[in-house]
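Order of appearance sets the numbers: ligands from 1, and atoms from 1 within every ligand. As the structure is a prediction and not an experimental result, all values here were calculated from the model.
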Amino acid sequence: MEKTYLMIKPDGVQRGLIGEITARFEKKGFRLVGAKLMQVSRETAEQHYGEHKERPFFGELVDFITSGPVFAMVWEGENVIATARQMMGSTNPKEAAPATIRGDYAISVGKNVIHGSDSPESAEREIAIFFKEEELTDYNKSG
Ligand code: CMP
């Protein structure tokens, strides 16, 4: 079953949006298979955002994601990678449609509440950065 990595960023955690956001994915029918509230180290942030290393906002990105706790999650379900991206809305909240997470809760491209993997390759890479195999639940084992 397909898995994706989603992360509520420090702005979302600080604003008390963990419940609202996880509820959307649960109600949609996806299953939460791993989750933790954590402080991201600079090393982990630089690894996670490695593809943006040459961008002018890279320093800002790392500063922000390490500025407070994030809520790291792995979700599972059919087509969860693309569907979660749709539910999140455009990266720039100014372009995000109403009823999407960023459309409803964010106004700035930096502080845009949530991150989600954009492809199966990214999902695999990002899940491995934030979670150990034994931290993920296998629902099939419990029926
Ligand atoms: P995310 O999905 O976490 O992946 C990369 C992040 O870079 C993106 O969300 C945005 O929050 C951030 N980002 C993109 N463009 C800019 C920008 N111009 N200035 C600051 N941050 C940006």
Side-chain angles (χ1 to χ4, degrees), residues 1-140:
M1 186 60 80
E2 189 171 283
K3 289 186 179 62
T4 195
Y5 175 68
L6 301 182
M7 171 168 64
I8 302 178
K9 298 185 182 185
D11 56 331
V13 172
Q14 213 147 51
R15 290 169 57 202
L17 296 175
I18 293 175
E20 301 255 355
I21 291 171
T22 53
R24 291 186 181 217
F25 294 106
E26 285 186 314
K27 287 175 187 166
K28 178 71 177 167
F30 294 128
R31 293 201 296 201
L32 185 62
V33 295
K36 56 186 168 186
L37 187 70
M38 63 179 285
Q39 178 68 47
V40 180
S41 67
R42 288 197 77 83
E43 190 187 4
T44 300
E46 284 172 10
Q47 193 184 355
H48 172 66
Y49 281 130
E51 63 183 301
H52 299 294
K53 216 174 172 67
E54 305 308 323
R55 305 268 189 109
F57 56 85
F58 181 70
E60 236 176 273
L61 200 53
V62 171
D63 285 349
F64 176 57
I65 212 70
T66 57
S67 68
V70 302
F71 193 60
M73 302 168 280
V74 178
W75 286 86
E76 177 182 85
E78 204 178 318
N79 205 34
V80 67
I81 299 171
T83 305
R85 297 272 299 182
Q86 280 180 345
M87 290 169 68
M88 286 161 49
S90 299
T91 301
N92 187 342
K94 293 183 185 76
E95 289 152 20
T100 63
I101 293 167
R102 288 163 174 161
D104 286 352
Y105 301 126
I107 49 175
S108 117
V109 70
K111 295 182 179 172
N112 62 356
V113 176
I114 187 166
H115 166 85
S117 307
D118 62 4
S119 66
E121 296 71 33
S122 304
E124 196 179 338
R125 190 180 74 83
E126 293 170 0
I127 290 169
I129 291 173
F130 289 92
F131 288 90
K132 297 187 186 112
E133 190 76 41
E134 63 266 28
E135 290 176 313
L136 302 181
T137 302
D138 185 350
Y139 283 77
N140 296 325

Parallel, tilted or perpendicular: ring planes of Y5 versus H48, cut at 30 and 60 degrees: perpendicular
Gap separating the NZ atom of K53 from the CD atom of E46, nearest 0.5 angstrom: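 So the NZ of K53 and the CD of E46 are separated by 5.0 Å.
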Rounded distance (nearest 0.5 Å) linking atom CD of E60 with atom NE2 of H52: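 Between E60 CD and H52 NE2, I get 13.0 Å after rounding to 0.5 Å.
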Which residue owns the protein heavy atom closest to [atom], what's the atom, and how far is it?
atom: atom 9 (O) of ligand 1; value: K9 NZ, 3.1 Å
atom: atom 13 (N) of ligand 1; value: F57 CE1, 3.5 Å
atom: atom 11 (O) of ligand 1; value: V109 O, 2.6 Å

Between W75 and F30, ring centroids under 6.0 Å: no
Ligand-side contact atoms (ligand 1) for residue partner [X], heavy atom cut-off under 4.0 Å:
X: H115; answer: 1 (P), 2 (O), 3 (O), 4 (O)
X: L61; answer: 6 (C), 7 (O), 12 (C)
X: T91; answer: 8 (C), 9 (O), 10 (C)
X: Y49; answer: 1 (P), 3 (O), 4 (O), 5 (C)

Contact check, R55 vs ligand 1, heavy-atom distance below 4.0 Å: no
Test item, F64 contacting ligand 1 (heavy atom, 4.0 angstrom):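 No, that is not the case, since the closest heavy atom of the residue is not under 4.0 Å from the ligand.
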Is [X] touching ligand 1 with its side chain, its backbone, both, or neither, if touching means heavy atoms under 4.0 Å apart?
X: N112; result: side chain
X: H52; result: side chain
X: R102; result: side chain
X: N92; result: neither

I need the minimum non-hydrogen distance between [X] and [Y], along with the two atoms involved.
X: I107; Y: K94; value: O-NZ, 3.6 Å
X: R102; Y: I114; value: NH2-O, 2.6 Å
X: D11; Y: N112; value: OD2-N, 3.6 Å

N/O separation below 3.5 Å, E60 to ligand 1: no
Test of proximity, I114 against ligand 1: N or O pairs below 3.5 Å: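 Checking ligand 1 against I114, no N or O pair falls under 3.5 Å apart.
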Geometric cation-pi criterion, K36 with F131: 6.0 Å, 45°: yes
N/O donor-acceptor pair under 3.5 Å between T44 side chain and V40 backbone: no
Heavy-atom side-chain contact between I65 and M7 under 4.5 Å: yes
